[in-house]
Every structure is written in structure tokens, then in C-alpha cells.
2 protein chains.
Amino acid sequence: EIVAAIETALGQGSLTGKRILVTSGPTHEPIDPVRYIANRSSGAQGTAIAHALAALGAHVIFVTGPADVPPPQGVQVVRIETAQQMLQAVEAALPADAAVFAAAVADWRVASSSGSKIKKDAGRLPVLEFAENPDILATVSQRKADRPGLVVGFAAETDDVIANATAKRARKGCDWIVANDVSPATGIMGGTENAVHLITAHGREDWPRMSKQDVAARLATRIAQALG
Amino acid sequence: EIVAAIETALGQGSLTGKRILVTSGPTHEPIDPVRYIANRSSGAQGTAIAHALAALGAHVIFVTGPADVPPPQGVQVVRIETAQQMLQAVEAALPADAAVFAAAVADWRVASSSGSKIKKDAGRLPVLEFAENPDILATVSQRKADRPGLVVGFAAETDDVIANATAKRARKGCDWIVANDVSPATGIMGGTENAVHLITAHGREDWPRMSKQDVAARLATRIAQALG
């Protein structure tokens, strides 16, 4: 909280006039009208980031899936459900000075999703065929036109956090990766704190374990410096 | 609201000394540590029923999955995530005078659920093998020992509502089915009202379309009459 307060005070207004896109929350991929596949994501970290960016004066477009926490005040909210809808909303929001992809987007959708409820027949199990969802981070990072000047991705990793996140940064073509260690030993998953490493072209920074609000404030300040 | 108020006033205390089990909300079936399959269910109808039963004086054991709405005051809350956990919690709560199964339990779980996050490999799609979940309504309805005197199931149907719900009552062995017409034309799904038919051994009652609170109040009154 103290870190957040100081950084907010130092950075007040430093993002005025900047247009920043933030994605947040899970996506829900329908199986049929009553069933869906989802990622576990409360939306708390993305919401805190959007709040911190808006507090520094940015115009924030907040593209959110069905999250547990409400969107922050003072941002432009776009609600979506699926990964395909999220990509559409993101592309519609460009151009932007920066984009932060904090959503936990489902990697796959059900290719054979049904318009009516799949009936439970004794002894018969459903067969779900999957299709790969669009990779929103890579798609935006690799755009020729209207690529935001700073593209920030997230990586929730359980093993080899730094190596996996560094490889992800190169593979996607984004500028920064916020790598979050969610291995069961950390007890991070579903909690209120994050243990973050910031991976940039210049290497890595290990941030101390801190609240999601402090991660958000620190990231917003770094974004303001990068765009400044 | 008026109906609810009158029925509550008439029925005040009529379930004193009765122990009633209510299930509510969706279940979440894990695919891996970050992904799951879920049913769409806000938990609003089950929560309203638990509230209405408690208002009539019942001791309510409220077994709930991860719902959007908070549990009502004045009930004993048991939180679960999966269908298997829900069955365990239900069986642990018996004996009971009545049981109302309002939860939207997933019919299937992922048999091959993974302890670590399934990686997205280019071009490779996951194969999910399913297993049938326990049928909580049928299991409790067909118990020899400790079967509640009144077992109430729910059916959300999109087609042939009455025929499907009547068949479900016979197949499960429960006493009543509250059949909810969720066909897209009704606009019920995800809304605040329900269009309900009560299927009993004596036939059916068609209730007018009303708020979930009024459905709950009317059902609680009928349960009080049946147990009285």
C-alpha cells in the first residue's frame, strides 16, 4: 500500500492523453447452451492494473470476460464472453499507445459446440472436439498496422518460470512479459498476492512478493516511464 | 413480492423443527489446475429457496457450488466445487426431512484431469476423456436408509418441458420435479424470473411466470404443507 501510494503520487497524471487497452478476467467457451469451459481467473490483477493506469491519467479501454470482481471506476468497459469476442473487441479498440493482456484466455474452444442442451443418455459420454482459439497477444504483437508501442503479456507458470516466460516473450513478439509464479508451493493461485518477474528486452527484474494492487501500481509506473 | 409476503406471513414458523437440505449453484469439474468445465448457474433460485425455507423456520443445510450470488443468512453453508464433493456433502448431511436439489450439477467430469497445466503445443489439441458424474438426485431418491420424506428435483428443459420432466421424475425416483422452461423463446435463462411447472404424483401444476423469490416462497409453502 505504501509503495502503491508513493508510486501513484510520483506518477500522478503521467499517462494523461495516453490510450491504453487492458484485457482481464477469464473467457468462457460454450459447450452447449448450459455448459462451458473456463479458465480460473478472478480478474483481480487485470482490474487492479486498469485502475492504476486510470489513476495515472490514462484513457483505459477495459475488455473483460466474466470476472468475479467488478470493473474499476473511470474506465471504458467492454464485456465479452469468448476468446473470439475478446479478439474482436481488442482489434476494434486499436490504435492504442499500450496494451496489457492480463486476461486468462482459453487456449481452446469447443469446435462442435451445440445449439441445444446435450442430453445425458445412460452409458454414452459426449465427445468434444476442440479448435485452437486465436492467440490475442501474438496477433496484436505481430500486427503491421496499429501495433501499440508497448505490448505487455502475462505468463502464469508452474515450472521453469523465467525460462518459459522468456521463451514466450520471443515467441509472441511482445515487448514485456509479466511472469507470475503460480506453482502450488507459492500458494499464489487464487490468492491476493503475486510473485512477479518482469521480462523485457533488457533482461529480467525480480519483484518482491506483493499485493496485486502493488504489482499494478508498479507496472503502471513502468508503463508511464516507457511511454514518457 | 406481494405473493411472497403473504405466503411467508401465512406460513411463518410452519417448518420449525424440520431439517431441510438444499443444493444450489453450479459445479466446477477440473480439466487441469487452471481450467474447468462448468454449468451456467447463478445460484439465485437455490439461494432464494434456502432463504424461503429458513424464513418458515426450517434448519437449512445449504450445499453450494461456486455461485454468483452469496448464500442466504441463517442457513448452514457447505461449500463444494465438484459433483463428487457435492454428493459427499449431501450424504453427510442426511438424515433430513426434505431435500431440494436445485444445483446445476455437471453430468460429466474429465476422467483424465491433469495435475499440471496442459501446455499449448502448436497444432496439437487436447483430448479430454469424460466420466459420468454421480447422479445425486437419483442416488438420494433411491436410498433405502435415510431417504428424506420429500425429495424435490429440478429440470431445466428447452423442449417438451412437461413430458421430459414427468419422465425425469419417474426415472430418478424423486417425489416432485420443479420443471423450468428455459427455451430461448422464454428469455428465462440467466434472468430473474422463472416459468415453472410442479410435477408430482398427482399430476402437474402450471405456475404463472414469476420472480425466483416468488417461486421460492410458493415452493417453501408447498413443502411446509407436505411435511405438516
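These values consider heavy atoms only, across backbone and side chains, with no hydrogens, waters or symmetry-generated copies. Reminder, nothing fancy here: chain letters follow the sequence lines and each chain counts from 1. Every value quoted in this text rests on a predicted model; they were computed, and no experiment measured them.
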With a 6.0 Å cut-off (strictly less than), is the heavy-atom count around NE2 of B:His51, excluding the residue itself, greater than 12? no
Would you say A:Glu205 has more than 12 foreign heavy atoms packed within less than 6.0 Å of its CD? yes
Measuring heavy-atom distances to chain B, does A:Glu29 have an atom under 4.5 Å in its side chain, in its backbone, in both, or in neither? neither
Give, as side chain, backbone, both or neither, the part of A:Ala131 having an atom under 4.5 angstrom from any heavy atom of chain B. backbone
Tell me the closest heavy-atom pair linking B:Arg40 and A:Pro33, and the distance in Å. NE-O, 3.2 Å
Rounded to the nearest 0.5 Å, what's the gap from CG on B:Asn39 to CG on A:Asp32? Could you check? 8.0 Å
Contacting region of B:Asn164 [heavy-atom separation from chain A under 4.5 Å]: side chain
Mark yes when over 12 heavy atoms from residues, nucleotides or ligands other than A:Arg79 sit less than 6.0 Å from its CZ; otherwise mark no. no
